[in-house]
Amino acid sequence: MALSQSSSLLLCVFVHIALLSANLCFAADPTISYEFHFSYITVSPLGVKQQVIAVNDKFPGPRINATTNYNVIVNVFNELDEDLLITWSGIQMRRDSWQDGVLGTNCPIPPKWNWTYDFQVKDQIGSFFYFPSLNFQRAAGGFGPFVANNRPVIAIPFAQPDGDIEIFIGDWYTQNHTALRKALDAGNDLGMPDGVLINGKGPFRYNTTLVPEGIDYETINVEPGKTYRLRVHHVGISTSLNFRIQNHNLVLAEAEGHYTMQQNYSNFDIHVGQSYSFLVTMDQNASSDYYIVASARFVNESLWQRVTGVAVLHYSNSRGPVSGPLPEGPNDVYDKTWSLNQAISVRQNGSASGARPNPQGSFHYGSINITDTYVLKSVPPLTINGTLRAALNGISFVNPNTPIRLADKHNVKGVYKLDFPSKPLNRSPRKDISVINATYKGFIEVVFQNNDTVMQSFHIDGYSFFVVGMDYGNWTEESRGRYNKWDAISRCTTQVFPGGWTAVLISLDNVGVWNIRAENLDRWYLGQETYMKIVNPEENGETEFAAPDNALYCGALANLQKDQKHSSSAASTFREHSRLFLTLLIAFLAFTFS
Ligand SMILES: *[C@@H]1O[C@H](CO)[C@@H](O)[C@H](O)[C@H]1NC(C)=O
Ligand SMILES: *[C@@H]1O[C@H](CO)[C@@H](O)[C@H](O)[C@H]1NC(C)=O
Ligand SMILES: *[C@@H]1O[C@H](CO)[C@@H](O)[C@H](O)[C@H]1NC(C)=O
Ligand SMILES: *[C@@H]1O[C@H](CO)[C@@H](O)[C@H](O)[C@H]1NC(C)=O
Ligand SMILES: *[C@@H]1O[C@H](CO)[C@@H](O)[C@H](O)[C@H]1NC(C)=O
Ligand SMILES: *[C@@H]1O[C@H](CO)[C@@H](O)[C@H](O)[C@H]1NC(C)=O
Ligand SMILES: *[C@@H]1O[C@H](CO)[C@@H](O)[C@H](O)[C@H]1NC(C)=O
Ligand SMILES: *[C@@H]1O[C@H](CO)[C@@H](O)[C@H](O)[C@H]1NC(C)=O
Ligand SMILES: *[C@@H]1O[C@H](CO)[C@@H](O)[C@H](O)[C@H]1NC(C)=O
Ligand SMILES: *[C@@H]1O[C@H](CO)[C@@H](O)[C@H](O)[C@H]1NC(C)=O
Ligand SMILES: *[C@@H]1O[C@H](CO)[C@@H](O)[C@H](O)[C@H]1NC(C)=O
Ligand SMILES: *[C@@H]1O[C@H](CO)[C@@H](O)[C@H](O)[C@H]1NC(C)=O
């Protein structure tokens with residue numbers, strides 16, 4: 001249950017009173033609070049019963065609706081049978097990697113426990129999502145939308161849409177995440193997914209041979225003549241998808257927190273972990289409903305026909321159901337340049353303002369000197385010590401038992417090494433807890449070189465990066481001559497074509513320990529990730545937030561962890577909060593007016 005905004009303001013005041021001595025105290029930024037219960041529900045999105053992870057019984061989960069600089073409190077209840085961590089993909093957690101929700105920064109929340117995330121959506125706008133980061137759980141759901149609205153004083157660079165629609169697309173297996181994990185542990189490939197879900201639902205029965213009877217599909221209801229903002233997120237496992245709506249233009253407006261130049265597309269390739277906003281005008285005659293399609297990319301489509309998500313766009317004045325063939329996507333199995341060119345066509349709208357009043361384009365990234373270069377090369381999965389693993393620069397990452405900054409603060413030695421190679425080395429791959437020693441205030445170039453046979457997407461926590469170059473072949477220093485130094489999009493998840501590279505520039509102004517990972521769930525699970533450690537040497541890490549009071553302890557620090565009493569019902573705790581608030585409010589007023 002999401003608490004209402006007014007009651008959460010109470011909590012906000014409560015928190016501020018509790019922190020009376022800190023500067024945070026009278027920050028005017030509002031607080032919104034949520035209570036999220038992650039539990040299994042049984043549904044049959046593809047006609048086969050399976051357990052999926054719901055949030056407050058919803059799949060996908062409820063929306064977090066914030067505005068720039070809001071404080072967000074999410075009390076997460078783990079009602080699964082295994083550890084849980086929630087990560088807030090794209091939310092930068094400035095100076096606060098304690099809230100990032102990945103194993104390098106947080107101890108997992110054990111089953112039956114709850115843990116409260118408390119962070120600020122500092123200087124951000126845009127469309128993001130949250131998801132469970134452990135144990136392949138995203139393949140079972142647990143994801144939901146996270147919106148950071150513009151502050152009212154900063155206009156959005158398009159007319160206020162008539163509505164806001166969240167669309168989650170992703171490839172899906174009817175096997176549960178435990179079974180998928182077992183397959184990977186046994187060294188197997190997951191094989192072709194069983195379908196594509198749109199908002200947690202299977203395909204509309206557009207073809208009676210391909211789609212069985214009785215599948216619940218998604219219907220998006222709209223009014224003729226209106227324009228909607230569609231926030232589309234790829235929360236799937238490993239398959240790139242082409243997104244399109246029959247007879248409708250997609251006007252691209254935002255990519256993961258930055259406004260884009262508005263361009264028309266009839267269909268758009270979206271890769272695992274990516275988010276986009278499209279403005280779509282309902283300008284058709286509604287002679288019938290329309291198909292919304294998300295189909296598999298870069299595969300033999302006649303073999304992969306079932307890996308197609310189909311939903312229905314329904315005008316209120318529609319004259320009947322949709323029928324006939326799906327609108328065609330790009331037909332270019334042998335020619336991937338179309339997709340590459342489409343990716344390069346995404347440009348930042350330099351004159352639009354986002355989180356701050358000054359235009360997005362006022363940071364002239366193209367004229368800043370690069371301080372360090374990291375070439376991170378991925379190769380197809382390989383066998384290390386008898387098990388199948390995936391590696392970056394020959395390192396297949398193993399998560400530390402003790403989170404990295406927690407180990408630092410408590411002087412636990414030997415938890416990890418700061419020796420992640422800045423380029424591929426000619427040595428045999430190994431499993432290791434090896435982290436990048438990155439320089440605070442550096443301006444770095446990261447080149448993702450994909451020698452794997454599949455499309456990859458890479459994500460960096462804590463940051464947004466400029467995607468300055470993308471091409472096939474090997475990256476070389478000469479490739480810099482072709483970088484986009486003017487209007488490259490700044491985002492947090494980029495695709496890297498197989499046999500190709502993507503170069504990004506990052507200004508390292510956010511202290512903490514930040515995950516760099518393959519978004520493809522199987523590659524990530526097999527070890528294709530690392531972390532960047534960024535501390536301010538002059539301040540000995542003081543610019544970073546202190547560990548939160550409720551920090552969980554594990555690994556070498558497990559003895560510091562108190563057992564958690566399983567709390568009763570949410571309602572009673574809310575009453576407790578209200579009572580505590582009243583007590584404090586009275587104390588506060590007494591203090592103020594004395
Ligand atoms: C989200 O918050 C904004 C700004 O406070 C508000 O205008 C909008 O109606 C909210 N949207 C939803 C879906 O709650
Ligand atoms: C667990 O939830 C209760 C409210 O139900 C809250 O008081 C407590 O702080 C939460 N525990 C943690 C570790 O966040
Ligand atoms: C997952 O699937 C396996 C094998 O099909 C089954 O034994 C197990 O009970 C399932 N687990 C859950 C949580 O659904
Ligand atoms: C349905 O799909 C099958 C298999 O691809 C195809 O042979 C058939 O022509 C399709 N039916 C229609 C009505 O499009
Ligand atoms: C997009 O297409 C529509 C209709 O086809 C046209 O009116 C509009 O000007 C186009 N917008 C852009 C940004 O090209
Ligand atoms: C509606 O539009 C479709 C496609 O643009 C067209 O084929 C059809 O004739 C139109 N129907 C009516 C009733 O105008
Ligand atoms: C796709 O698979 C079909 C069926 O196996 C095969 O006939 C066809 O040649 C394949 N197409 C391509 C482009 O590989
Ligand atoms: C960047 O480097 C060049 C040459 O190495 C130097 O001349 C220039 O001043 C540097 N620019 C900045 C902004 O530091
Ligand atoms: C293989 O495992 C052994 C024993 O655990 C370990 O000493 C060795 O370093 C491992 N080799 C690699 C390449 O990870
Ligand atoms: C990490 O880099 C800093 C300089 O940025 C250096 O002082 C420090 O010794 C490095 N640490 C290790 C373990 O290499
Ligand atoms: C890329 O580099 C590898 C060696 O790392 C080489 O084997 C391969 O041929 C190169 N590919 C191209 C397209 O130049
Ligand atoms: C990967 O690298 C090998 C040699 O290093 C090269 O022969 C092969 O073409 C590359 N494959 C891709 C997909 O980049």
Side-chain angles (χ1 to χ4, degrees), residues 171 189 191-196 207 209-210 239-242 269 295-308 325-326 328-341 344 361-382 390-395 421-429 438-456 458 466 468-486 488 495-503 505-509 528:
D171 48 336
D189 188 270
M192 196 192 305
D194 298 300
V196 167
N207 177 314
T209 321
L210 290 168
T239 309
S240 296
L241 297 172
N242 180 264
D269 284 345
S295 60
R297 282 295 267 145
F298 317 123
V299 292
N300 183 335
E301 280 171 41
S302 66
L303 293 173
W304 281 62
Q305 265 184 327
R306 71 163 193 252
V307 191
T308 302
L326 301 179
E328 274 185 39
N331 186 2
D332 58 354
V333 180
Y334 296 112
D335 172 20
K336 295 185 187 104
T337 50
W338 184 88
S339 189
L340 181 84
N341 288 336
I344 292 170
S362 50
F363 184 70
H364 298 287
Y365 69 91
S367 52
I368 303 174
N369 288 336
I370 291 165
T371 55
D372 294 288
T373 295
Y374 299 88
V375 179
L376 304 182
K377 183 176 177 182
S378 49
V379 295
L382 34 85
L392 275 180
N393 286 0
I395 305 274
S422 63
K423 55 176 191 283
L425 301 176
N426 214 347
R427 64 181 191 202
S428 54
T439 308
Y440 180 60
K441 294 270 158 109
F443 189 74
I444 65 168
E445 173 186 45
V446 179
V447 179
F448 296 105
Q449 179 76 52
N450 183 0
N451 189 248
D452 202 338
T453 52
V454 297
M455 177 73 77
Q456 294 267 20
F458 278 91
F466 294 93
V468 291
M470 193 183 288
D471 206 350
Y472 290 104
N474 293 329
W475 178 87
T476 66
E477 296 197 2
E478 279 71 55
S479 309
R480 288 180 184 141
R482 289 178 286 124
Y483 281 0
N484 175 353
K485 295 193 165 170
W486 303 273
Q495 65 270 57
V496 192
F497 285 79
W501 55 270
T502 297
L505 301 181
I506 320 173
S507 174
L508 297 184
D509 56 358
Q528 215 164 75

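We count ligands from 1, going down the list as the structure has it; atoms in each ligand are counted the same way. Note that the structure is predicted; figures quoted are calculated from it, not measured.
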Any protein heavy atom sitting closer than 4.0 Å to [atom]?
atom                    : value
atom 4 (C) of ligand 8  : no
atom 14 (O) of ligand 7 : yes
atom 7 (O) of ligand 7  : no
atom 11 (N) of ligand 8 : yes

Just to confirm my output: which protein heavy-atom neighbour is closest to [atom], and how far is it?
atom                    : answer
atom 2 (O) of ligand 8  : N369 ND2, 2.3 Å
atom 9 (O) of ligand 11 : N474 ND2, 4.8 Å
atom 1 (C) of ligand 7  : N300 ND2, 1.4 Å

Would you say the side-chain atoms of [X] pair up with the backbone N or O of [Y], donor to acceptor, closer than 3.5 Å?
X    : Y    : result
Y365 : A488 : yes
T371 : F443 : yes
D269 : S339 : no
S507 : D509 : no

(request) For the residue pair F363 and F466, categorise the inter-ring angle as parallel (less than 30°), tilted (30 to 60°) or perpendicular (more than 60°). (result) parallel
(request) Check each atom of ligand 7 against the heavy atoms of S302 and keep those under 4.0 Å away; list them by number with element. (result) 1 (C), 2 (O), 3 (C)
(request) Any chance you could measure L376, atom CG, to N450, atom CG, to the nearest 0.5 Å? (result) 12.0 Å
(request) Answer yes or no: does an N/O atom from S367 fall short of 3.5 Å to an N/O atom of ligand 8? (result) no
(request) For the residue pair S378 and Q528, establish whether any side-chain heavy-atom pair is separated by less than 4.5 Å. (result) yes
